[in-house]
Amino acid sequence: MRQLKDYKPTRFMLPTSRYDKASADRAVTFISLLKHTKGEWAGKPFHLIDWQEQIVRDIFGILKPNGYRQFNTAYIEIPKKQGKSELAAAIALYLTCGDFEKGGEIYGCAADRQQASIVFDVAVQMVEQNPALKARIKPRLSQKRLIYKPLHSFYQVLSSEAYSKHGLNVHGVVFDELHAQPNRKLYDVMTKGSGDARKQPLFFLITTAGTDRHSICWEVHQKADDILHGRKRDPSFYPVIYGAEDDEDWTDPDVWKKANPSLGITVDIEKLHIACESAKQNPAEENTFRQLRLNQWVKQSVRWMPMEAWDRCSTATDPESLEGRVCYGGLDLSSTTDLTAFVLVFPPETEDGSFDVLPFFWMPEDNIPLRVNRDHVPYDIWAKEGQILTTEGNVVHYGFIESFIEELGKKYNIKEIAFDRWGAVQMSQNLDDLGFTVVPFGQGYKDMSPPSKELMKLVLEGKLRHGGHPVLRWCADNIFIRTDPAGNIKPDKEKSTERIDGAVALIMALDRAVRNQASDKESSVYDERGLLLF
């Protein structure tokens, strides 16, 4: 049998534990008798890649003084196309058939039954290609269950409602794509106490990096990262993370090699080059490449705003210095129970000047504690700092906002206010009665695409001054952009991870500022110098 060259047990091995080569060999040998199921590897023996064999030997070969495994939880975070599903299926079959656990219950979990079935279906095909296992395993495919008759153990996919079914006597859990879990319920049920009746249960968690830093996967990722860097210690937890650091150059092939341990085996570097070039040409693809190919935790699956460029535009603007200046407003009311945004954009007074931005936000005072606990967003701190204004009760009082805008109109020369025609009809009428020029603004590609692209252009050129307002920054960082076949873009409120109201209000105000600025330039040349006569 092939032996991993220069194998050394993990540094997280306890001084009291021992590496039992026979136990490790047994697991590696079992897996080597299985066969691959996909692509060019289909039908070939499953010879573990070095990084895979290291994991298998560490998990199954490092034993405590009582002879049971040291590690009960293994967290493997790795980019796509590394052989993740095949390894997970092999681990599930070994726990079912090769671990000598009578009546062992091994469960396959994922965000939904279909996702969990991916690993299960690989396991079924592995069994079909192995005569010894095929003779001993009774499949119940309609139930997504494989029963190993000699031990009366089974491997089964759990339905999405499994979190409500307590009483499981777990020997093993294979959790695929933990980052896609919508909440922590299933994870908690499967890992908190479910294996207490077993001597050495194993919770095998394998995933690609995610986008939600409020998720259970991010919580486990943080624990793994803390253990890897010595900030925490848990001798029962086995951490493996293959990925690029946040500040590393995502276009560097050396970084790709670091993040992809199966590069050149299951991952073709030429395909990475192609994907990278595509991401360079289309910024909307950058985060997808970084998340799936380099295993980086990014803000969302398709990020739009490059926040390092946004932060370079954080030059503070003195509101008093803007008094009397021409400006344009954007109003996004959102809902009466949520965040409301009003943004003023001041066009530059010189040709090479910058656009100045003044944002204002409101939220119902009574809703802040609930929103802080639910969304894990520091609304309370922003309110104390005056970055968010509050209105009494549990709904935003639009009359308060109208009065506030009326007062702003006494300080600044607000030429127009753009508003979402579907969300602020009554307020637009009230503002019109107060003497403001209000302009309905659609949320589709036609209206949103030009100013969205203009905002990106100004940010990249450093011709926007937003003062580093934290709420506006948060909104900008949350934007998910939808693109149509013609290349037009618009912010997508449904897909964006959190609130983007401030950014939408900014885009609407910018549109009016740019359009009127262009119109003024077209007409002003003759106003200033008159006709030239020859």
Side-chain angles (χ1 to χ4, degrees), residues 283-284 304-306 309-310 312-315 317 319 321-332 341-360 405 408-409 412-421 424 428 431 436-467 469 472-473 475-476 479 481-484 486-493 500-528:
W304 181 57
M305 181 60 66
W310 175 271
R312 288 196 292 269
C313 297
S314 296
T315 302
T317 299
S321 69
L322 297 173
E323 290 186 10
R325 285 262 306 271
V326 169
C327 60
Y328 299 84
L331 178 64
D332 192 328
F342 181 66
V343 176
L344 291 176
V345 171
F346 298 77
E349 294 184 302
T350 60
E351 191 168 330
D352 59 347
S354 298
F355 286 79
D356 290 297
V357 177
L358 284 184
F360 304 91
I405 294 176
L408 288 176
Y412 309 113
N413 186 5
I414 304 176
K415 288 289 189 180
E416 293 180 355
I417 296 176
F419 70 98
D420 179 358
R421 53 186 159 215
S428 68
L431 291 173
F436 292 102
T437 300
V438 291
V439 180
F441 200 95
Q443 302 297 295
Y445 292 110
K446 176 178 176 292
D447 288 339
M448 296 299 290
S449 186
S452 296
K453 292 181 177 180
E454 182 67 21
L455 174 60
M456 177 64 75
K457 177 175 178 290
L458 291 174
V459 169
L460 294 177
E461 292 176 349
K463 292 188 175 182
L464 193 79
R465 290 194 296 234
H466 51 66
H469 195 287
L472 184 61
R473 184 191 191 281
C475 291
I479 294 180
I481 284 291
R482 185 180 292 275
T483 306
D484 73 1
N488 297 306
I489 63 174
K490 67 173 183 176
D492 190 330
K493 286 189 175 183
I500 63 172
D501 312 87
V504 171
L506 169 58
I507 289 170
M508 291 193 293
L510 181 63
D511 177 84
R512 304 317 305 163
V514 171
R515 288 182 186 275
N516 282 281
Q517 186 186 38
S519 177
D520 291 344
K521 285 181 179 179
E522 289 175 3
S523 59
S524 65
V525 61
Y526 296 113
D527 292 339
E528 292 176 1

*Asks:* With sequence neighbours excluded, tell me which residues meet salt bridge (Lys or Arg N to Asp or Glu O under 4.0 Å) with E454.
*Replies:* none
*Asks:* How long is the straight-line distance from CG of L322 back to CD of E349, given to the nearest 0.5 Å?
*Replies:* 8.5 Å
*Asks:* Closest approach of P306 and L460, non-hydrogen atoms and distance?
*Replies:* CG-CD2, 3.9 Å
*Asks:* If you look at every heavy atom in Y328 and A513, which pair is closest and at what distance?
*Replies:* CD1-CA, 3.5 Å
*Asks:* Please list, chain by chain and in numerical order, all residues satisfying salt bridge (Lys or Arg N to Asp or Glu O under 4.0 Å) with D511, sequence neighbours excluded.
*Replies:* R515
*Asks:* Does the side chain of L344 reach to within under 4.5 Å of the side chain of F360, using non-hydrogen atoms?
*Replies:* yes
*Asks:* Is any side-chain heavy atom of L331 closer than 4.5 Å to one of V438?
*Replies:* no
*Asks:* Distance from M305 atom CE to I500 atom CD1, nearest 0.5 Å?
*Replies:* 11.5 Å
*Asks:* Would a 4.5 Å heavy-atom cut-off, applied to side chains only, mark L510 and L458 as touching?
*Replies:* yes
*Asks:* Is any side-chain heavy atom of V514 closer than 4.5 Å to one of P451?
*Replies:* no
*Asks:* For I405 and I417: C-alpha separation, side-chain torsions, deciding distance, then whether side chain to side chain contact (heavy atoms under 4.5 Å, CB included) applies.
*Replies:* CA-CA 10 Å; I405 294 176; I417 296 176; 3.9 Å; yes
*Asks:* Once ring-ring contact (aromatic ring centres under 6.0 Å, His included) is applied, what residue pairs with a partner in residues 442-464 remain, sequence neighbours excluded?
*Replies:* none
*Asks:* Measuring from L431:CG to T437:OG1, what's the distance to the nearest 0.5 Å?
*Replies:* 11.0 Å
*Asks:* Would a 4.5 Å heavy-atom cut-off, applied to side chains only, mark F346 and T317 as touching?
*Replies:* no
*Asks:* Name all residues meeting the side-chain hydrogen bond (donor to acceptor under 3.5 Å, both in side chains) criterion together with Q443; count only those two or more places apart in sequence or in a different chain, and write none if there are none.
*Replies:* none
*Asks:* To check you understand the geometry: which heavy-atom pair defines the closest contact between C313 and G462, and what is its length?
*Replies:* SG-CA, 3.9 Å
*Asks:* Holding to salt bridge (Lys or Arg N to Asp or Glu O under 4.0 Å), I want the full list of residues that pass it with K457, two or more places apart in sequence or in another chain.
*Replies:* E461
*Asks:* I want to check something: taking the side chain as every heavy atom from C-beta on, are Q517 and P348 in contact at a cut-off of under 4.5 Å?
*Replies:* yes
*Asks:* Looking at CG of L506 and CG of D332, how far apart are the two atoms once the value is rounded to the nearest 0.5 Å?
*Replies:* 11.5 Å
*Asks:* Work out which heavy atom in P359 is nearest to a heavy atom in L472; give both atom names and the distance.
*Replies:* CG-CD2, 4.1 Å
*Asks:* Can you see which heavy atom on C475 is nearest to which on A503, and at what distance?
*Replies:* CB-N, 3.8 Å
*Asks:* Measuring from R325:CZ to L358:CG, what's the distance to the nearest 0.5 Å?
*Replies:* 9.5 Å
*Asks:* Show the numbers, then the answer: is there a side chain to side chain contact (heavy atoms under 4.5 Å, CB included) between Y412 and E323?
*Replies:* CA-CA 5 Å; Y412 309 113; E323 290 186 10; 4.0 Å; yes
*Asks:* Rounded to the nearest 0.5 Å, how far apart are CE of M508 and OG of S452?
*Replies:* 10.5 Å
*Asks:* If the plane angle is over 60° it's perpendicular, under 30° parallel, otherwise tilted; pick one for H466 and W310.
*Replies:* parallel
*Asks:* Report the residues that fulfil salt bridge (Lys or Arg N to Asp or Glu O under 4.0 Å) with R312, sequence neighbours left out, ordered by chain and then residue number.
*Replies:* none
*Asks:* Measure the shortest side-chain to side-chain distance between L455 and W304 over non-hydrogen atoms and say whether it is less than 4.5 angstrom.
*Replies:* yes
*Asks:* I need the minimum non-hydrogen distance between K415 and V326, along with the two atoms involved.
*Replies:* CG-CG1, 3.5 Å
*Asks:* Would you confirm whether S449, through its side chain, and I489, through its main-chain N or O, come within 3.5 Å as a donor-acceptor pair?
*Replies:* yes
